[in-house]
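The structure under discussion appears below in the form of structure tokens.
Throughout, protein chains are lettered first and strands after them, A, B, ... in sequence-line order, and every chain is numbered starting at 1. No experiment lies behind these values; they were computed from the predicted model shown.
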There are 2 protein chains.
Amino acid sequence: MKVDKDKIQTCGYTVIHQDVVNGVSKRMLEEETIMSLAEFFKVFGDPTRLKILYALSISEMCVCDLAALLGMSQSAISHQLKVLRQSRLIKYRRDGKVVYYSLDDDHIRQVFAQGLAHVNE
Amino acid sequence: MKVDKDKIQTCGYTVIHQDVVNGVSKRMLEEETIMSLAEFFKVFGDPTRLKILYALSISEMCVCDLAALLGMSQSAISHQLKVLRQSRLIKYRRDGKVVYYSLDDDHIRQVFAQGLAHVNE
DNA sequence: CTATCATATGAATATGTGTTCATGTGTTAT
DNA sequence: ATAACACATGAACACATATTCATATGATAG
């Protein structure tokens, strides 16, 4: 265990380009912004949620039909709809016993398109 | 345990709007496409990777400086860089002992901007 | 050749997350 | 009221994943 002299260090590692680090550090996004952004993208990072979002981008749908469409349990769909609701990506309306979900924002179609553009090279 | 008559069922749940389900089902994306898309967005769903990507959108950087900038271990950064490399979001060049990383695609800045637009309402 | 530095990586661990199961809530019909 | 239906939700479980720790690799300097 040796004590290094006067090198600038962080986490035990030498900073090679102090100027670059300082420059980027000044322009870095706030922690809160990064966190919100990560939460936002995380929602799109699950196949089931993507399918739901894509389906809703075509048509308003009820929970039961979504479950049938995706071949999954009503419970699984409901849990994911909750996540999408909390992220304010979808909205819903109730008609008797049936709850209809739909996209909350056209913005989402753009995010989808952007992702597809990247995936399709 | 009762056996229902002739209702159209999937996973034990009645389909309420068969026409809607059929219509959306026809236009549904392929499983492979959905998976690729989910993988793509998943990469953006982590704060550390977002910080790295944002930093690299400002300037090319080496591993060591990234670790210092984010106040994290070199190992943690290296592991995440591997993920970003495998997703083809970043590229690198070697100069002696130092490896410099940079964004592989300007497309990424757009995805970032899109996400920020949504987060900032 | 040896030591040192910058980076990469495998294993282990802790934490997060998606689905299932069981059950609860709210609405409609009888 | 009671039953049936559509949906929501808490707990449990299985699986994924981000970080740490220890160590390996590749490059340079002495």
* Asked: Does a side chain donor of either B/Gln74 or B/Ser78 reach within less than 3.5 Å of an acceptor in the other side chain?
  -> yes
Using atom [atom1] of [X] as one end and atom [atom2] of [N] as the other, report the distance to the nearest whole Å.
X: B/Met61; N: C/dT7; atom1: CE; atom2: P; value: 12 Å
X: B/Leu50; N: D/dT17; atom1: CG; atom2: P; value: 16 Å
X: B/Leu81; N: C/dT9; atom1: CG; atom2: P; value: 11 Å
X: A/Lys97; N: C/dT30; atom1: NZ; atom2: P; value: 10 Å
X: A/Arg93; N: D/dC7; atom1: CZ; atom2: C1'; value: 15 Å
X: A/Arg94; N: D/dC7; atom1: CZ; atom2: C1'; value: 7 Å
X: A/Lys82; N: D/dA6; atom1: NZ; atom2: P; value: 22 Å
X: A/Gln74; N: C/dG24; atom1: CD; atom2: C1'; value: 12 Å

Enter the distance from [X]:[atom1] to [Y]:[atom2] here, rounded to the nearest 0.5 Å.
X: A/Leu53; Y: A/Leu103; atom1: CG; atom2: CG; answer: 6.5 Å
X: B/Gln80; Y: B/Met72; atom1: CD; atom2: CE; answer: 7.0 Å
X: B/Phe40; Y: B/Ile108; atom1: CZ; atom2: CD1; answer: 7.0 Å

* Remaining members of A/Tyr100's ILVMFWY cluster at a side-chain heavy-atom cut-off under 4.5 Å? -> A/Val98, B/Ile16
* Report yes or no: is there a donor-acceptor pair, N or O only, under 3.5 Å between the side chain of A/Ser75 and the base of D/dT9? => yes
* Using a cut-off of 4.0 Å between protein heavy atoms and nucleotide atoms, how would you tag nucleotides 11-18 of chain C 5' to 3' with B, S and -? -> B-----SS
* To do: Could you go through the salt bridge (Lys or Arg N to Asp or Glu O under 4.0 Å) check for A/Lys51 and B/Glu31 one step at a time?
  => CA-CA 9 Å; A/Lys51 288 174 191 172; B/Glu31 186 69 17; 3.0 Å; yes
* Name the nucleic acid region contacted by A/Tyr101, choosing base, sugar-phosphate or nothing; use a 4.0 angstrom heavy-atom cut-off, strictly under. => sugar-phosphate
* Sequence-distant partners of A/Asp106, salt bridge (Lys or Arg N to Asp or Glu O under 4.0 Å), two or more places apart -> A/Arg109
* In terms of the nearest nucleotide of DNA chain C, which residue is placed more toward the 5' end: A/Ala76 or A/Ile16? -> A/Ile16
* Under-4.0 Å side-chain N/O to phosphate OP1/OP2 contact, A/Ser73 with C/dT20 -> yes
